[in-house]
Participant: 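Please see the structure below; I have some questions.
In what follows, chains are A, B, ... by sequence order, proteins preceding strands, each numbered from 1.
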There are 2 protein chains.
Amino acid sequence: MAKRESNVDRVYEALRRMAADFAFKPDQRINESALSEVLGASRTPLREALNRLVAEGFLTFQNNRGFFCRPLTPSYIMDLYEARVAVECEATRLACTRASDEDIAALADYLNRMEPEYQSATDPEALLAMDESFHARLAQLSGNSELQRILNNLNGRIRYIRLIDLKRLRDRARGKAPGDISAHRQIVEGIAARNAEAATAAMRSHIEKRREEATEAVRIAFSQLYVPDE
Amino acid sequence: MAKRESNVDRVYEALRRMAADFAFKPDQRINESALSEVLGASRTPLREALNRLVAEGFLTFQNNRGFFCRPLTPSYIMDLYEARVAVECEATRLACTRASDEDIAALADYLNRMEPEYQSATDPEALLAMDESFHARLAQLSGNSELQRILNNLNGRIRYIRLIDLKRLRDRARGKAPGDISAHRQIVEGIAARNAEAATAAMRSHIEKRREEATEAVRIAFSQLYVPDE
DNA sequence: GAATTCCAAACTGCATACAATTCTGACAAG
DNA sequence: CTTGTCAGAATTGTATGCAGTTTGGAATTC
């Protein structure tokens with residue numbers, strides 16, 4: 001009887017996904033009327049959802065001109081990766097002093113259970129889902145919900161680029177596992193040993209390795225976004 | 001002729017300030033009609049602004065029940081302080097390798113010029129403004145606008161507690177300067193020496209010293225918010 | 001041909017109206 | 001005294017309409 005989810009929430013979820021996937025091209029202007037028809041809602045709830053996404057950095061807004069997709073530039077993506085370093089390293093540090101042995105063991109266990117799938121999966125979407133899931137679980141060990149919240153936001157905006165990055169890893173190293181689970185394992189070992197320096201160093205180098213590919217990944221992103229096929 | 005600022009923006013700014021100052025009491029339900037009259041706008045732009053603030057963590061939202069002020073608990077405030085550590089330490093680290101000598105000198109200079117005012121000021125609002133300004137400038141030196149954005153958001157939500165904290169410092173140490181500018185100076189010196197370890201360590205201990213007071217500050221916050229006078 | 005002006009069409013900004021849901025408190029039953 | 005129920009009041013959810021602004025391109029000028 002009671003509607004569990006409002007129209008705004010539904011529209012918001014749909015838009016977040018679209019914005020994350022760059023269904024709106026970088027800097028593209030968004031037509032409210034057209035979009036409201038596609039989403040089956042009037043402009044009022046649509047605009048409420050759009051405003052949330054502006055506040056989260058997925059979209060931008062200009063007075064009397066409406067909503068636009070966020071830009072896509074190497075420096076923007078670098079900023080996001082650097083912010084991830086900030087958030088995830090601190091989360092790792094906190095996990096070292098705060099997480100229970102059981103919770104750490106559970107994360108290590110998760111890594112072990114996932115490994116076969118990790119090794120065999122070739123679908124970048126699946127790989128990314130597992131990767132994000134690991135990082136999210138780790139952030140949970142920090143016990144800090146703000147860090148988790150920020151990380152979730154950063155992940156949404158960086159997702160498209162990480163997907164490209166994973167695709168490249170797969171294509172470059174045929175036969176080798178694209179997801180370097182060893183880096184994840186190293187981080188968890190550091191936490192298990194309650195060695196904050198080792199754990200954060202591992203996390204930092206893990207993320208920064210990906211960051212270095214950002215410029216190239218952005219270039220590929222543009223070619224994908226503006227070329228009709230595949 | 002052209003309106004520079006939309007109604008939504010004006011309402012948003014007003015609401016952000018109100019939310020930061022806990023003009024809405026923690027967990028208090030917000031009445032849209034009443035608020036729209038106070039702010040001189042209809043519910044449509046009001047709700048758009050409210051949605052932005054939900055996305056930024058200043059407010060919460062429940063379906064069919066409307067908007068509520070964010071809660072105020074020690075653990076929530078601790079989380080915010082810890083997130084500040086994450087963001088500001090990484091910003092400091094980046095500043096060490098990235099900021100120009102001139103920019104670092106300018107920050108040191110700002111600190112010197114502010115010192116007399118810092119020492120003499122007793123108004124917590126003024127002290128906090130200077131403190132926030134220093135931290136914002138430092139974040140600028142990182143060259144990372146995401147870190148700046150996140151810091152700005154955290155500062156807004158933690159502001160009320162920091163204000164109380166400064167008031168306590170002033171009242172406890174009569175005659176002594178409440179703003180310990182020495183900590184700030186130490187951070188800048190670390191950056192000037194391009195010594196990331198020293199600079200981030202100074203930043204970390206600076207913020208964590210404040211964090212330790214959080215529980216007590218929250219207690220005071222509640223007594224202020226729910227007692228008529230003072 | 002390039003730059004400028006101007007107008008109609010398209011779009012955004014916002015108030016309002018009404019439907020849907022939740023809240024309040026009076027009353028009844030246990 | 002507590003719990004349950006129910007109708008009316010209050011509040012939120014969303015569609016719609018219109019005013020104000022921007023946009024795109026035809027007409028005009030240099």
Participant: Looking at B:Tyr110, does the NZ or CZ of B:Arg137 lie under 6.0 angstrom from its six-membered ring centre and within 45 degrees of the ring axis?
Facilitator: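 Yes, cation above the ring, under 6.0 Å and within 45°.
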Participant: If I take atom CZ in residue A:Phe67 and atom C1' in nucleotide C:dC11, what distance separates them, rounded to the nearest angstrom?
Facilitator: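 In whole Å, C:dC11 C1' and A:Phe67 CZ are 13 Å from each other.
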Participant: Looking at B:Glu208, I want to see if its CD is surrounded by more than 12 non-hydrogen atoms of other residues, nucleotides or ligands under 6.0 Å.
Facilitator: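 Above 12, so yes.
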Participant: Using atom CG of B:Asn64 as one end and atom P of C:dT21 as the other, report the distance to the nearest whole Å.
Facilitator: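 Checked: the CG to P distance equals 7 Å.
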Participant: May I ask you to check whether B:Asn144 and A:Glu82 show a side-chain donor-acceptor distance below 3.5 Å?
Facilitator: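 Their side chains do contain a donor-acceptor pair, which is all the 3.5 Å distance test asks for.
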Participant: Can you check the A:Phe68 CZ to D:dT22 P distance for me, whole Å?
Facilitator: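 Atom CZ in A:Phe68 sits about 12 Å away from atom P in D:dT22.
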Participant: Using whole Å, report how far CG of A:Asn63 lies from C1' of D:dT21.
Facilitator: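 Result: 10 Å.
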Participant: My understanding is that only residues two or more places apart in sequence, or in another chain, count here; which of them pass side-chain contact (heavy atoms from CB on, under 4.5 Å) with A:Asp109?
Facilitator: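 Counting only residues at least two positions away or on another chain, A:Asp109 forms a side-chain contact (heavy atoms from CB on, under 4.5 Å) with A:Arg113.
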Participant: Taking NZ, NE, NH1 and NH2 as the nitrogens, is one of them in B:Arg149 or A:Glu56 under 4.0 Å from a carboxylate oxygen of the other?
Facilitator: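 No salt bridge links B:Arg149 with A:Glu56.
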Participant: Could you tell me whether B:Arg52 sits above the aromatic face of B:Tyr12, with NZ or CZ closer than 6.0 angstrom to the six-membered ring centre and within 45 degrees of the axis?
Facilitator: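 Here B:Arg52 passes the 6.0 Å and 45° test against B:Tyr12.
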Participant: Find every protein N or O atom lying less than 3.5 Å from an N or O atom of nucleotides 16-19 of chain C, and list the pairs.
Facilitator:
{"from": "C:dT16", "atom 1": "O4", "to": "B:Thr44", "atom 2": "OG1", "distance (Å)": "3.1"}

Participant: Take the angle between the ring planes of A:Tyr160 and A:Phe22 and call it parallel below 30°, perpendicular above 60°, tilted in between.
Facilitator: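 The rings of A:Tyr160 and A:Phe22 stand perpendicular, inter-plane angle above 60°.
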Participant: Rounded to whole Å, please give me the gap between CZ in A:Phe61 and P in C:dT12.
Facilitator: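 Whole-Å distance recorded here is 10 Å.
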Participant: Which nucleotide in the list D:dT14, D:dT21, C:dA15 gets nearest to the side chain of B:Pro45?
Facilitator: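 Nearest listed nucleotide: C:dA15.
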Participant: Under 3.5 Å, which N/O atoms of the protein pair with N/O atoms of nucleotides 7-11 of chain D?
Facilitator:
{"from": "D:dT11", "atom 1": "OP1", "to": "B:Asn31", "atom 2": "ND2", "distance (Å)": "2.9"}

Participant: Are B:Glu146 and A:Arg157 close enough for a salt bridge, meaning some N to O gap below 4.0 Å?
Facilitator: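 Yes, B:Glu146 and A:Arg157 are salt-bridged.
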Participant: Roughly, in whole Å, what's the span from CG in A:Leu39 to C1' in D:dT14?
Facilitator: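 The answer, rounded to whole Å, is 15 Å.
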Participant: Rounded off to whole Å, could you give me the CG-to-P distance for the B:Asn7 and C:dG13 pair?
Facilitator: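 Distance check: B:Asn7 CG to C:dG13 P gives 11 Å.
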Participant: For DNA chain D, find the residues of residues 47-55 of chain A with a heavy-atom distance under 4.0 Å and give them by number; none if there aren't any.
Facilitator: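 By residue number: none to list.
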Participant: Could you work out, with side-chain contact (heavy atoms from CB on, under 4.5 Å) as the rule, every residue matching A:Glu102, not counting sequence neighbours?
Facilitator: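 Result, side-chain contact (heavy atoms from CB on, under 4.5 Å) vs A:Glu102: A:Ser100.
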Participant: How would you list, by chain and number, every residue that makes a salt bridge (charged side-chain N to carboxylate O under 4.0 Å, His left out) with B:Glu216, sequence neighbours excluded?
Facilitator: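 Per chain and number, B:Glu216 pairs via salt bridge (charged side-chain N to carboxylate O under 4.0 Å, His left out) with B:Arg219.
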Participant: Atom CG of B:Leu46 and atom P of D:dT14: how far apart are they, to the nearest Å?
Facilitator: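 After rounding, the gap between these two atoms is 15 Å.
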Participant: Would you check, one step at a time, whether the test salt bridge (charged side-chain N to carboxylate O under 4.0 Å, His left out) holds for A:Lys167 with A:Asp123?
Facilitator: CA-CA 8 Å; A:Lys167 242 177 268 184; A:Asp123 175 26; over 6 Å; no
